[in-house]
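Reading through the structure tokens given below for one structure.
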Number of protein chains: 2
Amino acid sequence: MVSIKDIAKQAGVSISTVSYALNGSNKVTDETSSKILAIAKELNYVPNAAARTLKKRESKILGVFLTDFSGDVYGDLLSGMKAVCNAQGYDLIVCSGKQSHRMLPERMIDGAIILDHTFASEELMQYADRGHKIVVLDREMDHPNINQVLLDNKAGATLAMEHLIEQGHKKIYVVTGPEGSFDSVQRLKAVRQVAEREADVEWIEITGDFEKSGGEQAADQIVQVYDGPAAVFCLNDEMAIGLCDRLADSALGVGQEIDVIGFDNIELSKYVQPRLASIDYSKRKWGSLAAEQLIKIIAGEPVDHERIYVTLVEGGSVSGPIPSDSVISMRNDRAVSY
Amino acid sequence: MVSIKDIAKQAGVSISTVSYALNGSNKVTDETSSKILAIAKELNYVPNAAARTLKKRESKILGVFLTDFSGDVYGDLLSGMKAVCNAQGYDLIVCSGKQSHRMLPERMIDGAIILDHTFASEELMQYADRGHKIVVLDREMDHPNINQVLLDNKAGATLAMEHLIEQGHKKIYVVTGPEGSFDSVQRLKAVRQVAEREADVEWIEITGDFEKSGGEQAADQIVQVYDGPAAVFCLNDEMAIGLCDRLADSALGVGQEIDVIGFDNIELSKYVQPRLASIDYSKRKWGSLAAEQLIKIIAGEPVDHERIYVTLVEGGSVSGPIPSDSVISMRNDRAVSY
DNA sequence: TTGTACGCGTTATCAA
DNA sequence: TTGATAACGCGTACAA
């Protein structure tokens with residue numbers, strides 16, 4: 001592997017001169033400098049990242065930690081992050097799984113963005129205490145080295161509930177996420193708040209898991225006890241889709257006997273029939289904002305926690321209780337600002 | 001940041017003793033060793049990755065390079081890679097975009113898996129020449145430091161074409177990928193081979209781009225010239241879905257006037273109505289095999305190029321030309337081994 | 001057990 | 001001014 005030493009030898013100068021030349025310092029004559037650059041190019045010199053990182057105590061790499069690599073949410077989110085990172089001279093790497101956590105304390109990366117509920121908050125807190133910079137997208141944490149960029153779950157869940165209630169629903173099933181999920185807890189809290197405010201609305205909570213299977217199981221439960229028009233608010237789209245799938249095998253029609261609304265407005269939701277009503281937000285913006293915040297706290301700029309706003313997307317999966325004998329027409333998607 | 005030096009000071013030993021103790025060498029007394037370990041834990045010592053990488057000349061990190069972070073193909077593919085990497089003591093990071101290429105020559109990663117047609121082969125060849133280890137999933141390259149793990153595109157395209165022909169189709173549109181795409185070229189070659197063999201089959205090539213919009217444009221073209229039963233083989237599912245979407249706005253029904261088959265069998269394909277026929281393969285296996293091969297060539301073991309086998313998945317989107325007045329029944333998905 | 005050279009690049013200090 | 005010397009960052013591993 002060719003190092004600055006080789007270049008120095010070839011150019012007949014010292015390694016420091018080479019380093020200065022390569023970094024565009026004005027401590028070297030243009031003449032020597034261009035000679036050195038030429039030799040570097042000729043030898044295909046590439047600096048060693050480990051050496052640079054070791055000395056400069058920064059890698060110019062940011063890491064994002066995800067629960068897994070699948071998931072429809074991630075595409076735009078990551079593009080947004082990457083765009084900001086690259087514009088600011090950082091590279092972005094995507095990691096998943098406990099093994100990769102070491103990247104942060106070992107200083108392979110200059111900071112981390114967390115969207116992985118399996119990454120323990122205690123662990124994050126330790127890292128923050130040791131000076132590592134972190135942005136969390138999936139929990140609340142207060143620490144000078146941690147910044148939050150959270151979805152406005154409360155607004156989203158409220159929008160969804162109000163939409164169902166406006167359509168005339170009096171009985172609403174709510175399918176939750178897994179126990180530890182911050183998003184689930186937040187959304188559920190808002191659901192309860194809205195429901196408690198409306199005296200004539202009954203709501204039933206069903207424990208889910210944010211996965212398709214959870215929605216399917218919820219469907220089974222609902223079909224068994226069905227006794228009249230009802231709506232289901234699945235706290236994420238994946239469960240909503242599982243639920244719709246399963247309902248398709250039953251006598252209950254989505255957007256007819258049962259209305260369904262989700263949360264996240266993932267790509268797939270546009271393709272289910274009828275179109276799934278959901279809560280939308282800009283995943284790209286979420287990602288770019290997270291990256292911006294991380295870069296700021298790395299630079300030592302103090303920043304406040306941020307929030308990502310949400311909108312309601314209507315769909316044929318919600319059309320009011322028992323449309324009696326009228327034909328159910330597919331609506332166009334309309335985004336309603338909150 | 002606490003380093004071995006701090007531990008050495010606290011323990012009253014030399015840094016080399018600390019290093020040996022931390023690495024479980026038997027060159028240190030159990031007594032001193034456990035004492036050192038205790039102090040290390042107490043001080044929250046974490047080794048510095050840059051220093052270790054610099055000295056050992058390996059990072060134990062593999063990188064996978066993708067064109068973008070979206071794409072339904074990637075979930076299982078990456079899980080497969082990660083599983084193998086972790087089992088073998090490696091970490092996996094996911095990168096995208098030209099900026100991140102530097103990770104390889106700068107030796108931040110020990111090897112790379114490429115699934116990104118925008119990553120120039122010449123560039124890869126240079127890296128290979130300089131000793132970097134690479135596995136390519138999207139092109140053919142011959143070099144001792146490069147291994148191929150490719151889809152069996154020929155088999156897949158042949159299966160798809162034969163399926164359409166078996167159903168009685170005589171007129172087949174083929175929507176291709178973008179110019180430079182290896183997969184597109186390979187699949188198209190197989191298409192031609194099959195079509196040329198069948199004297200009474202007419203085939204028409206339409207240039208696409210492997211994106212939804214390409215399928216939509218192809219649909220427009222086909223609708224304009226439609227003059228009787230025909231089938232469309234989209235060289236990937238994304239285009240097939242775009243095409244189906246657009247056809248839904250026309251008078252031509254998918255699985256009725258027009259049969260459609262795709263390639264990749266992405267998650268979404270299960271949700272379009274009628275279910276999209278496609279060519280399936282194990283993305284997880286593809287990923288795990290790629291990782292295995294990369295780790296092998298890093299270890300200096302010589303390996304042969306590998307191939308991922310494919311199967312046909314039938315769907316309601318293909319049901320034979322003009323089903324006349326009979327009702328088209330949704331078929332179950334059946335996987336047919338090739 | 002320990003001293004020390006080494007991996008590679010950066011940068012402060014000092015000499016020509 | 002221009003450029004060389006050397007310390008440094010941190011961990012590894014050989015020689016003593």
Side-chain angles (χ1 to χ4, degrees), chain A residues 1-37 39-40 43-61 89 102-110 130-132, chain B residues 1-37 39-40 43-61 102-110 130-131:
Chain A
M1 211 56 350
V2 25
S3 75
I4 51 169
K5 206 183 278 181
D6 302 300
I7 301 176
K9 205 173 291 170
Q10 182 112 18
V13 295
S14 76
I15 58 164
S16 51
T17 307
V18 174
S19 179
Y20 286 130
L22 291 173
N23 290 306
S25 160
N26 58 349
K27 298 177 84 54
V28 195
T29 330
D30 282 353
E31 197 186 355
T32 15
S33 184
S34 58
K35 181 172 144 197
I36 287 169
L37 270 329
I39 293 173
L43 297 183
N44 278 322
Y45 169 74
V46 179
N48 179 304
R52 190 185 344 93
T53 300
L54 182 57
K55 179 64 187 178
K56 302 195 68 162
R57 310 174 124 276
E58 63 171 7
S59 64
K60 284 291 178 185
I61 297 175
R102 68 177 180 91
M103 305 256 178
L104 188 59
E106 291 188 359
R107 313 200 76 98
M108 181 112 279
I109 55 179
D110 293 344
R130 295 185 211 158
H132 300 292
Chain B
M1 211 55 349
V2 24
S3 75
I4 50 169
K5 207 183 277 181
D6 302 299
I7 301 178
K9 205 173 292 170
Q10 182 112 19
V13 295
S14 75
I15 58 164
S16 41
T17 306
V18 174
S19 179
Y20 284 129
L22 291 174
N23 290 305
S25 161
N26 58 348
K27 297 170 106 350
V28 195
T29 327
D30 282 352
E31 195 187 356
T32 18
S33 185
S34 57
K35 179 172 147 196
I36 288 169
L37 269 329
I39 293 174
L43 297 181
N44 277 323
Y45 168 75
V46 179
N48 180 303
R52 189 185 342 95
T53 300
L54 181 57
K55 179 64 187 177
K56 301 197 66 161
R57 308 174 127 277
E58 65 172 6
S59 64
K60 284 290 178 184
I61 298 174
R102 67 178 179 91
M103 306 257 178
L104 189 58
E106 291 188 358
R107 314 201 75 100
M108 180 112 280
I109 56 178
D110 293 344
R130 294 184 210 159

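So that the names make sense, note that chain A is the first sequence line, chain B the second, and so on, each numbered from 1.
Which of D:dG3, C:dT2, D:dG11 sits closest to the side chain of B:Ala51 comes down to D:dG11. Listed nucleotides: D:dT5, C:dC6, C:dT10. Nearest to the side chain of B:Lys55: C:dC6. In this structure, of D:dT12, D:dC14, C:dT1, it is C:dT1 that holds the atom nearest to the side chain of B:Val28.
Across all non-hydrogen atoms, the minimal contact from A:Ala21 to A:Ser33 is CB-OG, 3.9 Å.
B:Thr29 comes within 4.0 angstrom of the backbone, heavy atoms only, and of no base. Within 4.0 Å of B:Thr32, counting heavy atoms only, lie sugar-phosphate atoms of the nucleic acid but no base atom.
The side chain of B:Tyr45 contributes an N or O atom lying less than 4.0 Å from OP1 or OP2 of D:dG11. Contact annotation: A:Asn23 does not reach the phosphate of C:dG9 (side-chain N/O to OP1 or OP2, under 4.0 Å). The phosphate of D:dC10 has OP1 or OP2 within less than 4.0 Å of a side-chain N or O from A:Arg57. At the phosphate of C:dT10, OP1 or OP2 sits under 4.0 Å from a side-chain N or O atom of A:Ser19. Applying the 4.0 Å criterion to OP1 and OP2 of C:dT10, one finds that A:Ser16 has every side-chain N and O outside that range.
In this structure, the side chain of B:Ser3 engages the main chain of B:Lys5 through a donor-acceptor pair within 3.5 Å. The closest donor-acceptor contact from the side chain of B:Ser59 to the backbone of B:Thr53 lies at 3.5 Å or more, if one exists at all. Side-chain atoms of B:Asn23 do not come within 3.5 Å of backbone N or O of B:Ser25 as any donor-acceptor pair.
As rounded to whole Å, 12 Å separates atom C1' of D:dT12 from atom CD of B:Glu58. In this structure, CG of B:Leu22 is placed 8 Å from P of D:dT12, rounded to the nearest angstrom. Taking atom CZ of residue A:Arg107 and atom P of nucleotide D:dG9, one finds them 13 Å apart after rounding to whole Å. Taking atom CD1 on A:Ile4 and atom P on D:dG3, their separation rounds to 16 Å, with Å as the unit. Distance, B:Glu106 CD to C:dT10 P: 10 Å, rounded to whole Å. Spacing between atom CZ of A:Arg52 and atom C1' of D:dC8 amounts to 17 Å, rounded to whole angstrom units. Taking atom CG on A:Asp30 and atom P on D:dG3, their separation rounds to 10 Å, with Å as the unit. Rounded to an integer number of Å, the gap from B:Ile15 CD1 to D:dA13 P is 13 Å.
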- Mind running salt bridge (Lys or Arg N to Asp or Glu O under 4.0 Å) on B:Glu106 and A:Arg52 for me, showing each step along the way? CA-CA 10 Å; B:Glu106 291 188 358; A:Arg52 190 185 344 93; 3.1 Å; yes

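Residues B:Lys27 and A:Pro47 both approach DNA chain C. Their nearest nucleotides, taken by heavy-atom distance, put B:Lys27 toward the 5′ side. Comparing B:Tyr20 and A:Met1 by the nucleotide of DNA chain C that holds the closest heavy atom to each, the one mapping nearer the 5' end is B:Tyr20. Both B:Leu54 and B:Thr17 lie close to DNA chain D; mapped to their nearest nucleotides by heavy-atom distance, the more 5′-ward contact belongs to B:Leu54.
Judged purely by distance below 3.5 Å, without hydrogens or angles, the side chains of A:Ser16 and A:Ser19 never pair a donor atom with an acceptor atom.
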